[in-house]
2 protein chains.
Amino acid sequence: MSLAYAFEDLGDPAQDGLADALMRHGVRMAFAKDEEIYAQEDGTEFVYAVVRGGVRTIRLMSDGRRQIGEFYYAGEVFGLEPGPERRYAAEALCECEVLVLKRSALRRLADDESLERAVWQATRRELERTQGHLMLLGRKTACERVASFLADMVERRGSGAVDLPMSRQDIADYLGLTIETVSRMLTQLQTSRIVEFAGCRHFQVRNHDALSRLAA
Amino acid sequence: MSLAYAFEDLGDPAQDGLADALMRHGVRMAFAKDEEIYAQEDGTEFVYAVVRGGVRTIRLMSDGRRQIGEFYYAGEVFGLEPGPERRYAAEALCECEVLVLKRSALRRLADDESLERAVWQATRRELERTQGHLMLLGRKTACERVASFLADMVERRGSGAVDLPMSRQDIADYLGLTIETVSRMLTQLQTSRIVEFAGCRHFQVRNHDALSRLAA
DNA sequence: CGATCGGTTGAGTCATCTCAACAGAGGTGG
DNA sequence: CCACCTCTGTTGAGATGACTCAACCGATCG
């Protein structure tokens, strides 16, 4: 039986095996807002799962331009990179708790072969999300990007009201836009009665059809 | 001993095991320019390697906007997606030959455990390239994108003169630009004496430092 | 109560796109 | 072998979506 229920939200069922192993054997760690969980040059010997809060993975260019690779929320596994060295750093979006487990420990536990399948599936999920992100950055307009982002938040973080644990700058760096453009698109979506914000980090979808049509 | 030498160019050494298995057991197929190798809805039961020519993976939006995921050249493995269904279609860039092998056959051959490592490494390479692509699309200028593309071509396709097997439209859809912008940036790089074109699909780098500085 | 921080809004600029004309290469048929 | 056509790529002019810079606003915190 899965222990994933112990997370704040339920994770992707495909990750249950992994989440399970992390729950059983992982070490719980707490991080402050913006604290680094691992750096870009680090090795990849640890795997993580978010218990509470949120995490971003980031990559910097020499002149400071920043790209966010992905956001991770409660119940999701992160830090599973296939190479020996981190390509992205990971940072806490807000005060948060994560579970850490050595990959070697994971491998040792892998007599249960479903675990190996779970690692593979987590990698798959990662690649698929990245590919969707590619289309977003390469071919979508600012409005479509913001709509896609909100739709994704709703899909992942549950029904009804959703709160955004990240800043506008984080959203902008995820979508390849500026904070001003993100802000404008958000107010635009709001004036078109597609979403409604109650405070700048808390929203609700008003017109799901229109939102997913925009998200394309 | 690796059979990778039998490819037109040598592949990534990390893929030798895979390339080897494909050479030994794969079926050779020929495709005409623009012919589909697999479709977006297809299953992922086959793995491929390019023997001659080039391949692109593409994804379309409902209104026709196109994003190219990656280009593959002689000696490179493609079609290794972790999920059960293709997220991108693959098409021949030009008349080309590929080797095809069932993943199940690959798995059967995997008593040689280096093969499994090779599959893992190919996936790793894929993810890493996609992550670089993400930064390119999210945060680089048109000029930097084109420079990055040319630098990548030089790195992958060898020294001295390089020829581009793909159209300007392909390059544009890879870089998230229009053909006109790609063309303008190319002439700009040429007038700054950084690269030199002899015909629109054949070029040589004149100033490697400047090119990699632009590619950032 | 002032300072600071994150977010919004406005005005003007700029990079890239759109639309259109043109040019060259390659293929085809006479 | 030439004339023509088509296809791909280049160039130019103008439009526009997103960016930059700056002011403002509200919340939070000392």
Side-chain angles (χ1 to χ4, degrees), chain A residues 32-34 54 56 61 63-68 93-95 136-150 163-192 195-203 214 216, chain B residues 32-34 56 61 63-67 93-95 136-150 163-192 195-203 214 216:
Chain A
K33 179 166 146 63
D34 296 328
R56 62 174 173 255
M61 287 177 65
D63 61 359
R65 279 177 283 180
R66 189 176 76 146
Q67 177 65 47
I68 290 190
L93 277 177
C94 51
E95 197 187 312
L136 182 145
L137 293 175
R139 287 299 178 209
K140 289 190 184 175
T141 65
C143 186
E144 290 170 337
R145 294 183 201 197
V146 173
S148 301
F149 172 74
L150 294 182
D163 68 323
L164 304 170
M166 74 288 288
S167 69
R168 293 292 189 266
Q169 187 63 64
D170 287 329
I171 299 174
D173 288 341
Y174 178 72
L175 299 178
L177 301 169
T178 60
I179 49 176
E180 294 96 331
T181 301
V182 170
S183 185
R184 278 182 245 274
M185 295 304 125
L186 286 174
T187 57
Q188 188 179 308
L189 287 172
Q190 212 172 347
T191 24
S192 355
V195 298
E196 183 175 347
F197 274 78
C200 67
R201 294 195 175 202
H202 201 77
F203 76 98
L214 273 175
Chain B
K33 178 166 148 60
D34 296 326
R56 63 174 173 255
M61 287 177 66
D63 60 359
R65 280 177 282 181
R66 189 175 76 146
Q67 178 65 47
L93 278 177
C94 51
E95 199 187 312
L136 181 144
L137 293 175
R139 287 301 178 207
K140 289 190 184 176
T141 65
C143 185
E144 290 169 338
R145 293 182 201 197
V146 172
S148 301
F149 172 73
L150 294 180
D163 67 325
L164 303 170
M166 74 288 287
S167 69
R168 293 292 190 268
Q169 187 64 63
D170 287 330
I171 300 175
D173 288 341
Y174 179 72
L175 299 178
L177 301 169
T178 59
I179 49 175
E180 294 95 330
T181 301
V182 170
S183 185
R184 280 183 244 275
M185 294 305 127
L186 286 173
T187 57
Q188 188 179 307
L189 287 172
Q190 211 172 348
T191 24
S192 357
V195 298
E196 183 176 346
F197 273 78
C200 67
R201 295 195 174 201
H202 201 79
F203 77 98
L214 273 174

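Only a predicted model underlies this, so the values are computations on that prediction, with no experimental measurement involved. The chains referred to below are lettered A, B, ... by the order of the sequence lines, with proteins before strands, and numbering in each begins at 1.
- The side chain of B:Thr181 places an N or O atom within less than 4.0 Å of a non-bridging phosphate oxygen (OP1 or OP2) of C:dC17.
- Rounded to whole Å, the distance from CZ on B:Arg168 to P on C:dA25 is 14 Å.
- For A:Thr187, whose side chain is taken as the heavy atoms from C-beta onward, the closest listed nucleotide among C:dG6, C:dT8, C:dC17 is C:dT8.
- A donor-acceptor pair under 3.5 Å is formed between the side chain of A:Arg65 and the backbone N or O of B:Arg139.
- The residue among A:Leu186 and B:Met185 whose nearest nucleotide of DNA chain C lies closer to the 5′ end is A:Leu186.
- The nearest whole Å value for the distance from the CD atom in A:Glu180 to the C1' atom in C:dC14 is 15 Å.
- Across all strands, A:Leu177 comes closer than 4.0 Å only to sugar-phosphate atoms, never to a base (heavy-atom distances).
- Listed by chain and number, the residues in a side chain to side chain donor-acceptor pair (under 3.5 Å) with A:Thr141 are A:Glu144 (sequence neighbours excluded).
- Nearest heavy atom pair, residue A:Gly54 against residue A:Cys94, reads N-SG, 3.8 Å.
- For the pair A:Ile171 CD1 and C:dG7 P, the computed distance is 8 Å after rounding to whole Å.
- Atom C1' of nucleotide C:dG7 and atom CZ of A:Arg201 are separated by 10 Å, given to the nearest angstrom.
- Put simply, CG on A:Leu93 is 14 Å from P on C:dG6, counting in whole angstrom units.
- Heavy-atom distances under 4.0 Å link DNA chain C to B:Thr141, B:Ala142 of residues 136-145 of chain B, given in residue order.
- Distance alone, capped at 3.5 Å, places no donor-acceptor pair between the B:Glu196 side chain and the B:Gln190 backbone.
- For DNA chain D, the contact window with chain A, defined by any atom under 4.0 Å from a protein heavy atom, covers D:dA18 to D:dC21 in 5' to 3' order.
- A 4.5 Å side-chain heavy-atom check between A:Asp170 and A:Arg66 finds at least one atom pair inside the cut-off.
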Check against side chain to side chain contact (heavy atoms under 4.5 Å, CB included), A:Thr178 and A:Arg168: CA-CA 9 Å; A:Thr178 60; A:Arg168 293 292 189 266; over 6 Å; no
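- Spacing between atom CD of A:Gln188 and atom P of C:dT9 amounts to 12 Å, rounded to whole angstrom units.
- At least one donor-acceptor pair closer than 3.5 Å links the side chain of B:Arg145 to the backbone N or O of B:Lys140.
- In this structure, A:Gly199 reaches neither bases nor backbone, as no heavy-atom distance under 4.0 Å exists between it and the strands shown.
- Rounded to whole angstrom, the span from the CZ atom of A:Arg184 across to the P atom of C:dG6 amounts to 19 Å.
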Side chain to side chain contact (heavy atoms under 4.5 Å, CB included) assessment of B:Gln67 paired with B:Leu137: CA-CA 11 Å; B:Gln67 178 65 47; B:Leu137 293 175; 3.9 Å; yes
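- Between B:Phe197 atom CZ and C:dG24 atom P the separation is 18 Å, expressed in whole Å.
- The side chain of A:Ser167 contributes no N or O atom lying less than 4.0 Å from OP1 or OP2 of C:dG6.
- Using a distance-only test at 3.5 Å, with no hydrogens or angles considered, a donor-acceptor pair links the side chain of B:Ser192 to the main chain of B:Gln188.
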